[in-house]
Amino acid sequence: MKSFAPLLIALLATLALPLVAWGDKVHLKDGRVLDGEISREGDDFLYITYKIGDLERTEFVLRVNIERIERDDDAADAPAPATPADSKDTSPAPKSSPQQTKPRSLDNLPPGTRKIAFITLEEMVGPFMNAEALKKSVEMLADDEPDIVVIQINSGGGALIEVQKLSDAIQYDIKPKYRVVAWIESAISAAAMTAFTCEEIYMMKEGNIGAATAFSQQGGTARAMKGEQLAYLLKEQEKITRRGKHEPLVMRAMQVPTDLSCDIDANGKVTWRNDLDGQYIVSTDQQILTLNSIDSVRYGLARAIADSKNELATALGCTEWIEVGLDADEYQQQFRENVQTAQVRAVELWQKMNIALEAGNVGRARSFLGQLRGWVRRAPSLETYGAGGLPPLTPEFFRQVEEQIDELVKKQTSRRR
């Protein structure tokens, strides 16, 4: 028996290995080819498991970065993004068989275990902290069916026009399905306005929220909003604040200098006053309000302070919990990386295109313009917010540039004649 032991161990090890058919090839636009097995995919992303030497690696890939896909069950190349007809059958199993669509780790969870998904919203509101990107992440949560969705915010503000879109995404795309929590590292200006949509707000120890003064561009100079513009914004933000069941006076004090105080009874109930006669003076008409974590909890805006996911889960009342929806947050991270790269590349390509036009090289100019279009597809927020001084890169923008190039071609042709 002793002599058979190594053979038996080798056989058991072989049986323990996952059965992977290395027949899928994902051709990326950066020139790489990932040869392995597509293990999971959605409308905007896929996971492919492949080998580097003896090591297995699973990579998350956005479809906008894919040139084409070759599948082991289809000899023909499939363009990206693949349609359901072109791809393997990845449609969800019927509701009566949830075990077929959920990761194995989510099967047979101990009673009382809560599933929590974390979605990070970071950097500038608009280009990076973006409503359409948030909606995509929410769509990816469907299979995991989380009990709680935590929106983790770390942003110094940004575009006011994105606030309503983000608030609508939280109100209409997330709240009807899940318990929604805002977890604040830093939420300033437009990020603070967005966070007020959530009824449950929790703060990190060094967190802050507020300073939501609105600015408008006038002659290339940013000036604080006044008059009708400001009155309209205050009214709209009051509606968003009421969505989260927060005190509108608190948000108003974060937008414009406001006398604000409150009384707190023995049970911790806060009564707000639009004057300075309360027990606690929170803000005056000489300042814009920003709250730290301690004051956010003291005045009832936030429910608790938590610096880690475990601390937050405890504050949420979850004694047993598991993190789900990792792909939803990976999408956010990849989205932000794409925007950051696209902003730099867009400016470079624009400059190269103009140099080519000045040199009369129409072919190269069109090539650079085509590459610019490609980066907008990878980072669609550029269509609204532009990059590096460029205007919004809309279809109309590209149409006008094409017309200018066509005009140049006509001039060159007429000169030759």
Please test Glu238 against Arg242 for salt bridge (Lys or Arg N to Asp or Glu O under 4.0 Å), starting from the C-alpha separation and ending with a verdict. CA-CA 6 Å; Glu238 182 177 340; Arg242 292 191 185 282; 2.9 Å; yes
Distance check, rounded to the nearest 0.5 Å: [X] atom [atom1] versus [Y] atom [atom2]?
| X | Y | atom1 | atom2 | value |
| --- | --- | --- | --- | --- |
| Thr120 | Tyr331 | OG1 | OH | 13.0 Å |
| Thr241 | Gln237 | OG1 | CD | 4.5 Å |
| Ile209 | Leu291 | CD1 | CG | 7.5 Å |
| Ile153 | Ile188 | CD1 | CD1 | 11.0 Å |
| Ile151 | Leu121 | CD1 | CG | 6.0 Å |
| Gln404 | Leu408 | CD | CG | 10.0 Å |

Mind checking whether [X] and [Y] have side chains closer than 4.5 Å, heavy atoms only?
| X | Y | answer |
| --- | --- | --- |
| Arg366 | Val409 | yes |
| Asn361 | Met353 | no |
| Met193 | Gln255 | yes |
| Leu312 | Trp183 | yes |

Fit a plane to each ring of Phe397 and Trp350, take the angle between them on a 0 to 90° scale, and name the class: parallel (under 30°), tilted (30 to 60°) or perpendicular (over 60°).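 Correct class here is tilted.
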Do you know which two heavy atoms are closest between [X] and [Y], and how far apart they sit?
| X | Y | value |
| --- | --- | --- |
| Ala117 | Leu141 | CB-CD2, 3.7 Å |
| Val282 | Cys262 | CG2-SG, 4.1 Å |
| Ala131 | Glu162 | N-OE2, 2.8 Å |
| Ala211 | Ile288 | CA-CG2, 3.7 Å |
| Val125 | Ala191 | CG2-N, 3.8 Å |
| Ser261 | Ile281 | CB-CA, 4.1 Å |

I'd like to check the side-chain hydrogen bond (donor to acceptor under 3.5 Å, both in side chains) partners of Gln287; sequence neighbours left out, ordered by chain and number.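 For Gln287, the residues satisfying side-chain hydrogen bond (donor to acceptor under 3.5 Å, both in side chains) (neighbours in sequence not counted) are Thr284.
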With sequence neighbours excluded, residues passing side-chain hydrogen bond (donor to acceptor under 3.5 Å, both in side chains) with Asn310: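 side-chain hydrogen bond (donor to acceptor under 3.5 Å, both in side chains) list for Asn310, sorted by chain: Trp321.
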Ignoring hydrogens and geometry, is there a side-chain-to-backbone donor-acceptor pair from [X] to [Y] under 3.5 Å?
| X | Y | answer |
| --- | --- | --- |
| Asn130 | Glu132 | yes |
| Ser167 | Ile240 | no |
| Glu323 | Lys115 | no |
| Ser293 | Lys205 | yes |
| Asp265 | Asn267 | yes |
| Glu407 | Glu403 | no |
| Ser189 | Gly157 | no |
| Asp263 | Gln279 | yes |
| Asp24 | Ile48 | no |
| Thr194 | Ala190 | yes |

Among Arg243, Arg179, His246, Lys175, whose side chain to side chain donor-acceptor pair (under 3.5 Å) with Glu199 holds?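 Option passing the side chain to side chain donor-acceptor pair (under 3.5 Å) with Glu199: Lys175.
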Electrostatic pair [X]:[Y] at N-O distance under 4.0 angstrom:
| X | Y | value |
| --- | --- | --- |
| Asp147 | Lys177 | no |
| Glu70 | Arg68 | yes |
| Asp295 | Arg298 | yes |

Derivation and outcome, side chain to side chain contact (heavy atoms under 4.5 Å, CB included), residues Glu247 and Tyr299: CA-CA 10 Å; Glu247 173 54 56; Tyr299 301 134; over 6 Å; no
Could you check Glu200 against Tyr202 for side-chain hydrogen bond (donor to acceptor under 3.5 Å, both in side chains), going step by step and ending with a plain yes or no? CA-CA 7 Å; Glu200 292 187 65; Tyr202 293 79; 3.1 Å; yes
Neighbour count above 12 (heavy atom, 6.0 Å) for [X] [atom1]:
| X | atom1 | answer |
| --- | --- | --- |
| Glu206 | CD | no |
| Arg364 | CZ | no |
| Arg336 | CZ | yes |
| Met140 | CE | yes |
| Lys226 | NZ | no |

Are side-chain N/O atoms of Gln332 and Ser137 paired as donor and acceptor at under 3.5 Å?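 The answer is yes; a qualifying pair exists.
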Verdict with supporting geometry, Asn354 and Glu358, side-chain hydrogen bond (donor to acceptor under 3.5 Å, both in side chains): CA-CA 6 Å; Asn354 282 302; Glu358 288 174 8; over 6 Å; no
For Phe335, is the NZ or CZ atom of Lys136 found under 6.0 angstrom from the centre of its six-membered ring and inside 45 degrees of the ring axis?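 Judged by the rule, Lys136 and Phe335 form no cation-pi pair.
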side-chain hydrogen bond (donor to acceptor under 3.5 Å, both in side chains) for Asn154 and Ser186? Distances and angles first, verdict last. CA-CA 5 Å; Asn154 183 18; Ser186 181; 4.5 Å; no
In sequence, state the C-alpha distance, the side-chain angles, and the governing distance for Asn65 and Lys29, and then conclude on side chain to side chain contact (heavy atoms under 4.5 Å, CB included). CA-CA 6 Å; Asn65 296 330; Lys29 292 178 180 177; 5.5 Å; no
Please set out all donor-acceptor pairs under 3.5 angstrom arising from side-chain atoms of residues 373-383, sequence neighbours excluded.
from, atom 1, to, atom 2, distance (Å)
Arg373, NH1, Glu402, OE2, 3.3
Ser381, OG, Pro127, O, 2.8

